[in-house]
Amino acid sequence: MPFYMIRGDITKLQVDAIVNAANNTLLGGGGVDGAIHRAAGPKLLEECRTLGGCETGQAKLTGGYNLPAKYVIHTVGPIWRGGNRGERELLVSCYRNSLELASKEGCKTLAFPLISAGVYGYPKDQAVQVAVETIQSFLLTHDVSVTLVLFDRDAATVSKSLFTDISSYIDAQFIKEHADQGPECVRREVAFYRDAVKGMPMSAGVPGSQKEALSHIDESFSQMLLRKIDAAGLTDAECYKKANIDRKLFSKIRNDPHYRPSKATALAFAIALELDLNETQELLRKAGFTLSHFQKLDIIVEYFILHGNYDIFQINQALFAFDQSLLGG
Ligand code: ADP
C-alpha cells in the first residue's frame with residue numbers, strides 16, 4: 001500500500017495509529033511527545049504509567065484518547081552519539097517494531113514523525129533515509145498505508161547534490177521553453193504535441209513505432225495499462241506496489257475500462273512500468289494529460305526517466321523537496 005510524505009502536525013491526523021518519538025520512561029517529554037500528550041489529554045499519561053517504560057528501539061501501544069488517531073505507538077529512538085554507536089540499527093528497529101506492532105493490531109493507516117531527529121540529534125537527512133528505506137521495505141510485504149510527517153522545513157528529503165542537479169535541469173528546461181514567448185512559443189508547443197502524436201520522442205528517448213501506436217489507437221487508459229503490465233511481465237501486485245498505488249484503486253482501474261485516473265496516478269504507472277518519455281506521453285494521453293515543460297513536476301519526473309531511475313520513492317522524495325505533489329497514493 002502507498003507511502004506518503006507530508007509536512008504538518010502529526011497530532012491532527014485521522015489514522016489508525018500515530019507513532020510517538022518518546023523517551024525511555026514513556027512519561028512524556030518535549031517535542032512531538034509533548035504535542036501528542038497535550039492533544040491526547042491526561043488519560044494517555046495514565047495509561048503510559050502502567051507500561052513500565054520502553055527500551056530504545058522497542059515500541060508499545062496505547063489508546064489515542066482525544067486524538068483523531070485510534071492508537072499511539074510509543075517508540076524510543078536512539079540518541080545520536082556520532083553514528084558509530086549502533087544508532088542506525090536502533091532507528092531501523094524503531095520503525096520496524098512500530099510497523100509490526102501496528103500491523104499486529106490490525107492498523108491499516110499509520111503515521112510517523114521523524115524519530116530521533118529533534119532533541120536526540122540524529123542528522124535529519126540521514127533520519128529521513130532510514131525512515132523511507134525501512135518503511136518502503138516493510139510495504140513490499142504488508143498491506144498498510146504509511147505517512148511520514150515532516151515538521152521541520154529543513155528536513156531534506158534528497159541529497160544536496162541531487163537537489164542541485166535537478167534544479168539545474170529544471171532551470172534549463174524553463175529557460176528553453178520561456179526563452180521566446182509569443183508566436184514562436186506557441187509553435188513550439190504545437191510541434192511538441194504533434195511530435196508526441198506522431199509517436200516521436202519529446203526531447204530524448206527512443207523513437208516509438210507509429211504502426212504500433214496506431215494499432216492501439218482505440219485503447220482506453222485501463223486497457224493500455226493492463227496490456228503494458230503483461231508486456232512488462234509484471235503481476236498486478238508488483239505493478240501497483242511499484243507505482244505506490246493502493247490495491248483498491250488498482251482494482252477500480254482494472255474493472256472499469258473507462259476509468260479516468262488523475263495525472264499523478266497515470267504518471268505513477270508510467271514509472272512502475274519503466275516507460276521511456278515517448279511511452280509515458282502515450283500513456284498520459286490516454287488519461288487526457290501530457291508531460292509539459294511548463295510544469296515543475298513534469299520536468300522532475302522527466303529528469304528521473306532520462307536518468308533511468310524508476311524508483312518511485314526516490315522520485316517522490318525529490319518531488320517533496322521541490323514542494324510538488326507526489327505520485328501514486
Ligand atoms: P526525538 O527526541 O526522538 O529527537 P523530538 O520530538 O525532539 O524527538 O523530534 C522528533 C521529530 O518530530 C523532529 O523532527 C520534530 O521537529 C518533529 N515534531 C515535533 N512536533 C511535531 C508534531 N506536532 N508533528 C510532527 N512532528 C513533530
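Order of appearance sets the numbers: ligands from 1, and atoms from 1 within every ligand.
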- prompt: What pairs meet the salt bridge (charged side-chain N to carboxylate O under 4.0 Å, His left out) rule with one or both residues in residues 165-174, with sequence neighbours excluded?
  reply: none

- prompt: Quick one: side chain to side chain donor-acceptor pair (under 3.5 Å) partners of D125, sequence neighbours excluded?
  reply: none

- prompt: Honestly curious: do L267 and M5 fall in one hydrophobic cluster under the side-chain, below-4.5 Å linking rule?
  reply: yes

message: Tell me every residue that passes salt bridge (Lys or Arg N to Asp or Glu O under 4.0 Å) with D256, counting only those two or more places apart in sequence or in another chain.
response: none

message: Tell me if the aromatic rings of F174 and F294 count as close, with their centers under 6.0 Å from one another.
response: no

message: Between K60 (side chain only) and I73 (backbone N and O only), is there a donor and an acceptor less than 3.5 Å apart?
response: no

When you check ligand 1 against the protein, what N or O pairs turn up below 3.5 Å? List the atom names and distances, or just say none.
| residue | atom | partner | partner atom | Å |
| --- | --- | --- | --- | --- |
| ligand 1 | 3 (O) | S116 | N | 2.9 |
| ligand 1 | 4 (O) | S116 | O | 3.4 |
| ligand 1 | 4 (O) | G118 | N | 2.8 |
| ligand 1 | 4 (O) | V119 | N | 3.2 |
| ligand 1 | 4 (O) | Y120 | N | 3.0 |
| ligand 1 | 6 (O) | V32 | N | 2.8 |
| ligand 1 | 7 (O) | V119 | N | 2.9 |
| ligand 1 | 9 (O) | G118 | N | 3.4 |
| ligand 1 | 14 (O) | D152 | OD2 | 2.9 |
| ligand 1 | 16 (O) | D152 | OD1 | 2.8 |
| ligand 1 | 16 (O) | D152 | OD2 | 2.9 |
| ligand 1 | 23 (N) | D9 | OD1 | 2.8 |
| ligand 1 | 24 (N) | I10 | N | 3.0 |

